[in-house]
Amino acid sequence: MTNLLHMLAGLAAIFLFYFCGEMLVRVLALPFPGTLAGLLMLLAFQFLRRKTPVVLISGGAPLLRHMAMLFVPAVLGVGVYWQQISENLTGIGLAIIVSTTVSLGLSGWIAQRLLQSVAVDSEEDTGL
């Protein structure tokens with residue numbers, strides 16, 4: 001029973017961040033999706049806490065376990081629009097390669113900066 005309550009509380013927390021992101025984007029008329037704003041707010045919350053709460057882990061686990069079902073509409077869309085996709089395959093392939101390269105490079109650069117700052121903080125804490 002406790003696991004069920006943790007899972008429901010975690011799902012409620014995830015949906016709360018989602019709705020807060022949607023509201024923030026609508027109120028401030030921001031030019032990006034509310035789901036992204038909610039995801040960034042959840043990420044900031046976890047960075048501030050420095051540890052993921054058990055409730056969020058319990059709420060997110062079923063979503064991650066069944067993530068393949070979330071991709072079914074995308075796969076069906078590829079099947080339906082295959083004619084247009086095949087006509088623009090070069091541009092789509094180039095966009096995928098460039099965006100993946102840029103996002104991986106940027107993610108690696110940010111990870112290095114974060115890890116360096118954590119290492120410096122830990123050295124200062126230990127007096128090294």
Side-chain angles (χ1 to χ4, degrees):
M1 187 68 173
T2 306
N3 283 343
L4 179 63
L5 292 176
H6 278 285
M7 185 182 74
L8 291 175
L11 285 172
I14 291 169
F15 283 124
L16 178 69
F17 280 105
Y18 163 73
F19 288 128
C20 288
E22 287 287 341
M23 292 304 288
L24 182 73
V25 165
R26 289 178 192 252
V27 168
L28 299 178
L30 297 174
F32 54 86
T35 52
L36 178 61
L39 185 65
L40 292 174
M41 288 171 26
L42 178 61
L43 180 66
F45 170 76
Q46 290 184 346
F47 270 132
L48 291 174
R49 293 264 329 232
R50 294 189 180 249
K51 185 178 178 186
T52 304
V54 175
V55 172
L56 284 179
I57 293 171
S58 298
L63 295 173
L64 292 173
R65 209 171 316 130
H66 302 293
M67 190 184 272
M69 291 301 295
L70 300 173
F71 293 112
V72 169
V75 172
L76 289 174
V78 168
V80 170
Y81 294 105
W82 181 249
Q83 180 66 31
Q84 290 88 351
I85 291 172
S86 63
E87 291 171 1
N88 300 303
L89 198 55
T90 305
I92 292 171
L94 187 62
I96 289 171
I97 290 169
V98 169
S99 64
T100 302
T101 304
V102 169
S103 64
L104 284 175
L106 187 61
S107 298
W109 181 79
I110 290 171
Q112 283 181 332
R113 299 291 178 249
L114 286 173
L115 291 173
Q116 286 174 352
S117 69
V118 169
V120 168
D121 289 343
S122 66
E123 286 177 4
E124 290 174 359
D125 291 342
T126 59
L128 295 175

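Just so it is clear, the model here is predicted, and its values are computed rather than measured.
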**Message:** Grouping I, L, V, M, F, W and Y whenever their side-chain heavy atoms are under 4.5 Å apart, do Val78 and Met67 come out in a common cluster?
**Reply:** no

**Message:** Grouping I, L, V, M, F, W and Y whenever their side-chain heavy atoms are under 4.5 Å apart, do Ile110 and Leu43 come out in a common cluster?
**Reply:** yes

**Message:** Could you go through Leu56 and Leu42, starting from their C-alpha distance and side-chain angles, then the distance that decides it, and tell me whether this counts as side chain to side chain contact (heavy atoms under 4.5 Å, CB included)?
**Reply:** CA-CA 10 Å; Leu56 284 179; Leu42 178 61; 3.8 Å; yes

**Complete:** Heavy-atom closest pair (Ala37 atom, Val25 atom, distance to 0.1 Å) is CB-CG2, 3.8 Å

Show the atom names and distances, to 0.1 Å, of all donor-acceptor pairs under 3.5 Å that link a side chain in residues 94-108 to residues at least two apart or in another chain.
residue, atom, partner, partner atom, Å
Ser99, OG, Ala95, O, 2.8
Ser99, OG, Ile96, O, 3.2
Thr100, OG1, Ile96, O, 2.7
Thr101, OG1, Ile97, O, 2.8
Ser103, OG, Ser99, O, 3.0
Ser103, OG, Thr100, O, 3.1
Ser107, OG, Ser103, O, 2.8

**Asked** Is Leu63 reachable from Leu4 through a run of I, L, V, M, F, W or Y residues, each pair having side-chain heavy atoms under 4.5 Å apart?
**Response** yes

**Asked** Looking at CZ of Arg113 and CG of Leu115, how far apart are the two atoms once the value is rounded to the nearest 0.5 Å?
**Response** 11.0 Å

**Prompt:** Can you check side chain to side chain contact (heavy atoms under 4.5 Å, CB included) on Val55 and Leu5, steps first, answer last?
**Reply:** CA-CA 9 Å; Val55 172; Leu5 292 176; over 6 Å; no

**Prompt:** Should Leu40 and Leu36 be marked as a side chain to side chain contact (heavy atoms under 4.5 Å, CB included) after you check the CA-CA gap, both sets of side-chain angles, and the distance that decides it?
**Reply:** CA-CA 6 Å; Leu40 292 174; Leu36 178 61; 4.2 Å; yes

**Request:** Would you give the length of the straight line joining atom CD1 of Ile92 to atom CD of Gln84, rounded to the nearest 0.5 angstrom?
**Result:** 9.5 Å

**Request:** Report the distance from atom CE of Met41 to atom CG of Leu16, rounding to the nearest 0.5 Å.
**Result:** 7.5 Å

**Message:** Filter on salt bridge (charged side-chain N to carboxylate O under 4.0 Å, His left out), then keep only pairs touching residues 20-43, sequence neighbours left out; what's left?
**Reply:** Glu22-Arg26

**Message:** Let me check something: do Leu39 and Phe15 share a hydrophobic cluster, defined by ILVMFWY side-chain heavy atoms less than 4.5 Å apart, either directly or through other members?
**Reply:** no

**Item:** Pairs meeting criterion ring pair (Phe, Tyr, Trp, His ring centres under 6.0 Å) with involvement of residues 17-46, two or more places apart
**Value:** Phe17-Phe45

**Request:** Tell me yes or no: between the side chains of Glu87 and Gln83, is some donor less than 3.5 Å from an acceptor?
**Result:** yes

**Message:** Testing the basics here: between Met7 and Ser58, what is the closest heavy-atom pair and its distance to 0.1 Å?
**Reply:** CG-O, 3.4 Å

